[in-house]
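A short write-up of the structure that comes next.
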Number of protein chains: 2
Amino acid sequence: MFAALGDPTRLAIFDRLADGKPRSISVLSDDADMTRQAVTKHLRVLEAAGLVQNHRVGRESQYAFCPEQLAEARAYLDQVAGRWESALMRLKSFVEDGEA
Amino acid sequence: MFAALGDPTRLAIFDRLADGKPRSISVLSDDADMTRQAVTKHLRVLEAAGLVQNHRVGRESQYAFCPEQLAEARAYLDQVAGRWESALMRLKSFVEDGEA
DNA sequence: CGATTATGCAACTAAAAAGTTGCGTATTTG
DNA sequence: CAAATACGCAACTTTTTAGTTGCATAATCG
């Protein structure tokens, strides 16, 4: 997941889709300075990470923002931050009260 | 930043340091199944991303968790989630009230 | 139906990342 | 002081990732 967002191009695409509007591959390719195929690959990576969903309509394939994995990422960061904070607390009480 | 956490090895190191305890390179290398040099490189990447801090003490170089960038990542994810949510709201009111 | 548009697949190239090895240097420690 | 420890730098190999090109196919439009 982090790896998927780690590429600047993918992050840009993801960010763009965050307005909820689904977009076709060619639309997304238009203002990316690279080939449609390259964009396609990035979209597949985002899809594999669960950050984006795809469904074909007629001859075009629409990619849309997908919030679930995003929540998971936030949860992970919260958890890490939480662990760190509680470690700080333990350190603090150790210093204040003398060793436990 | 996402790129820094995108590598499984780095994520593991980062996760491990989240308990607040600084660790030296060799300690971190011990239970990683790769060379000390490889671990060193990963630590440098994490440091460049501001996720970890380094300071030399004696002959060893201690790496410690660094929470600031973490908060930034969370902020970004919140912002994206927020944009998506408000887009949903607009869609909802559009459907309910008829077009604006 | 013929042309255009939107895409997929596969093979390829190029560039970046991950990891190793060898060697040199500072710092402890017995 | 000599040996062991902890590290840094640089060159190198390997593996992945990013991106391109060429060609084929399905849907749409006049």
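Every chain is numbered from 1, with letters handed out A, B, ... down the list of sequences.
In terms of the salt bridge (Lys or Arg N to Asp or Glu O under 4.0 Å) criterion, residue partners of A:Arg16 (sequence neighbours excluded) are, by chain and number, A:Asp31. Listed by chain and number, the residues in a salt bridge (Lys or Arg N to Asp or Glu O under 4.0 Å) with B:Arg74 are A:Asp78 (sequence neighbours excluded). Partners of A:Phe65 by ring pair (Phe, Tyr, Trp, His ring centres under 6.0 Å), not counting sequence neighbours, listed by chain and number: A:Phe14, B:Trp84. Partners of B:Arg83 by salt bridge (Lys or Arg N to Asp or Glu O under 4.0 Å), not counting sequence neighbours, listed by chain and number: A:Asp15. Every residue two or more places apart in sequence or in another chain that forms a salt bridge (Lys or Arg N to Asp or Glu O under 4.0 Å) with A:Asp19 is listed here: A:Arg23.
Contact annotation: the side chain of B:Val39 never approaches that of B:Thr35 to less than 4.5 Å [non-hydrogen atoms, C-beta and beyond].
For the OP1/OP2 pair of C:dA17 and a distance below 4.0 Å, the side-chain nitrogens and oxygens of B:His42 include no atom meeting the criterion. At least one side-chain nitrogen or oxygen of A:Thr35 sits closer than 4.0 Å to the OP1 or OP2 atom of D:dT20.
Whole-Å rounding puts the A:Ile13 CD1 to D:dA18 C1' distance at 12 Å. The distance between atom NE2 of A:His55 and atom P of C:dG8, rounded to the nearest whole Å, is 13 Å. Distance A:Leu43 CG to C:dC9 P: 14 Å, rounded to the nearest Å. Between B:Arg10 atom CZ and D:dT16 atom C1' there is a gap of 13 Å when expressed in whole angstrom units. Residue B:Leu46 contributes atom CG, which lies 14 Å from atom P of C:dA17 at whole-angstrom precision.
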Going 5' to 3' through nucleotides 3-13 of chain D, assign each nucleotide B (protein heavy atom under 4.0 Å from a base atom), S (under 4.0 Å only from sugar-phosphate atoms) or - (no protein heavy atom that close). --BSBBB----
